[in-house]
Asks: 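Encoded as structure tokens, here's the structure I'll be asking about.
Just so you know, residue 1 is the first one in the sequence shown, and it goes up from there. No hydrogens, no waters, no symmetry mates; every other heavy atom, side chains included, goes into these values.
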Amino acid sequence: MTSDPGPPGRNSAPSAHRDTVPLAKEPDPPERDVFTSDLTVGERGGEHRTHRTWSARRITAGLVVAVILVAAVAALVDVIAVRAGRPAAVWRRRMADELATRPVDDVWMLTGAAVAAAVGVWLIVLALTPGQRRWLPLRSPADCPRLRAFLDRDGAADLLRDAAMRVPGVGAAHVLVGRHRIKARADVRFRDPQQVKDNLTAVLDEERDRLALARTPRIVVRVRQRTD
């Protein structure tokens, strides 16, 4: 009989059949946009404010490009035809005659100028505003300022409405979430309406703080007594 081998000593060499795992640093996760909030209340002490993302304005850009492209192609084709010895297009001759004969204070001239100015102002506003109004930016943690989180307005309204329905005496509630203001309307079935309003305001304030919005909106509560 042979005795079982004892445990290896402290200075014994490792077995050749033992697998070794190399130690390597895991790569940092890529930056991404998060549309749900997983921030806790305790993490809100060192949060970083997140601004709204800029919209690509694909539809507006596509319409502007299409209009400019059609006008440029039509003018280019007509100029090439004139250079080739053909008469100018009817629309071009008529436009030139109208611009040359109509006075500046003509109704159609003023209307066209007003429309062109309105379109220009609209394009400038679209270029200078970020858009994406349906998304509410959330505060980012201080240790990860590149993390951007957003919350849908309808989702925020649903969370606030569920919190409002938990208040005793509230039979129905409607919440509208905006960038600067949260409007809440509630129907009171029982209890004193003023007490219900105070409790509802406190509950909505607490639920709004849990959302960790980058810009804290003001809460406006309206209640009405319903006995039917």
Side-chain angles (χ1 to χ4, degrees), residues 26 28-60 122 124-228:
E26 296 181 359
D28 296 332
E31 181 183 357
R32 66 187 188 277
D33 291 346
V34 182
F35 293 94
T36 56
S37 173
D38 53 358
L39 302 176
T40 61
V41 180
E43 297 174 348
R44 298 179 55 198
E47 291 175 345
H48 179 74
R49 181 171 177 177
T50 304
H51 299 279
R52 283 191 298 168
T53 57
W54 284 78
S55 175
R57 311 286 191 187
R58 294 184 178 89
I59 298 178
T60 305
W122 176 59
I124 292 175
V125 171
L126 291 180
L128 297 179
T129 54
Q132 300 287 356
R133 299 184 64 86
R134 61 171 298 188
W135 297 107
L136 298 174
L138 306 180
R139 288 188 293 268
S140 300
D143 56 349
C144 189
R146 299 180 63 185
L147 179 65
R148 299 182 299 173
F150 300 87
L151 180 64
D152 183 49
R153 288 192 181 187
D154 295 336
D158 292 338
L159 293 175
L160 294 172
R161 186 184 63 83
D162 293 342
M165 292 299 297
R166 292 193 294 267
V167 176
V170 175
H174 177 74
V175 179
L176 182 62
V177 178
R179 292 179 57 196
H180 307 283
R181 185 180 303 176
I182 296 176
K183 298 180 181 180
R185 297 196 308 268
D187 295 339
V188 180
R189 299 294 182 180
F190 57 93
R191 297 181 63 199
D192 181 52
Q194 186 60 38
Q195 294 181 358
V196 174
K197 182 178 180 179
D198 296 340
N199 295 340
L200 183 59
T201 303
V203 169
L204 292 179
D205 285 340
E206 182 180 359
E207 190 67 24
R208 177 203 57 190
D209 295 340
R210 291 180 179 178
L211 298 179
L213 299 177
R215 176 179 296 177
T216 304
R218 185 168 59 93
I219 294 180
V220 178
V221 178
R222 295 180 180 179
V223 296
R224 58 180 178 178
Q225 187 74 37
R226 296 293 297 270
T227 58
D228 52 348

Asks: Ignoring hydrogens and geometry, is there a side-chain-to-backbone donor-acceptor pair from R181 to V220 under 3.5 Å?
Replies: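 No, because the side chain of R181 does not come within donor-acceptor range (under 3.5 Å) of the backbone of V220.
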Asks: Under 3.5 Å, which donor-acceptor pairs link side chains of residues 195-205 to any protein atom two or more places apart or in another chain?
Replies:
from : atom 1 : to   : atom 2 : distance (Å)
D198 : OD1    : Q194 : NE2    : 3.2
N199 : ND2    : Q195 : O      : 3.3
T201 : OG1    : K197 : O      : 2.8

Asks: Can you confirm whether I182 sits close enough to L176 that some side-chain heavy atom of one is under 4.5 Å from a side-chain heavy atom of the other?
Replies: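 I182 does not reach L176 side chain to side chain.
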Asks: Look up atom CZ in R166 and atom CZ in R161, then write down how far apart they are to the nearest 0.5 Å.
Replies: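 Output value for this atom pair is 11.0 Å.
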Asks: Mind checking the CG-CG spacing from L211 to L136? Nearest 0.5 Å is all I need.
Replies: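 Nearest 0.5 Å value for the CG-CG distance: 8.5 Å.
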Asks: Quick check: closest heavy atoms across A156 and L151, and the distance to 0.1 Å?
Replies: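 Looks like CB-CD2, 3.7 Å.
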Asks: When rounded to the nearest 0.5 angstrom, what is the spacing between CZ in R185 and NE2 in H174?
Replies: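 The NE2 atom of H174 is 5.0 Å from CZ of R185, to the nearest 0.5 Å.
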Asks: Mind listing the closest non-hydrogen atom pair of A173 and V170 along with its distance?
Replies: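 It is CB-CG1, 4.2 Å.
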Asks: Would you mind reporting whether R218 and R208 have side-chain heavy atoms less than 4.5 Å apart?
Replies: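 Answer no - side chains too far apart.
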Asks: Indicate yes or no: at least one non-hydrogen side-chain atom of W135 is less than 4.5 angstrom from one of D152.
Replies: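 SC-SC contact between W135 and D152 confirmed.
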Asks: Name all residues meeting the salt bridge (Lys or Arg N to Asp or Glu O under 4.0 Å) criterion together with R224; count only those two or more places apart in sequence or in a different chain, and write none if there are none.
Replies: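 With sequence neighbours excluded, R224 shows a salt bridge (Lys or Arg N to Asp or Glu O under 4.0 Å) to D187, given in chain and number order.
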Asks: For R179 and P217, indicate whether the former's side chain and the latter's backbone hold a donor-acceptor pair under 3.5 Å.
Replies: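 Checked: no pair found.
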Asks: Could you walk me through whether D162 and L160 pass the side-chain contact (heavy atoms from CB on, under 4.5 Å) test, one step at a time?
Replies: CA-CA 5 Å; D162 293 342; L160 294 172; over 6 Å; no
Asks: Side chains of R215 and H180: closer than 4.5 Å at any heavy-atom pair?
Replies: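 A side-chain contact exists here, since the closest heavy-atom pair is under 4.5 Å.
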Asks: Which heavy atom of Q225 sits nearest to which heavy atom of V188, and what is that distance?
Replies: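 Here Q225 and V188 meet closest at NE2-O, 3.5 Å.
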Asks: Excluding sequence neighbours, so at least two apart, what forms side-chain hydrogen bond (donor to acceptor under 3.5 Å, both in side chains) with E206?
Replies: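 Scan of E206 (side-chain hydrogen bond (donor to acceptor under 3.5 Å, both in side chains), adjacent residues dropped) gives R210.
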Asks: Which pair of heavy atoms, one from T129 and one from V125, lies closest together, and at what distance?
Replies: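 Closest pair (atom of T129, atom of V125, distance): OG1-O, 2.6 Å.
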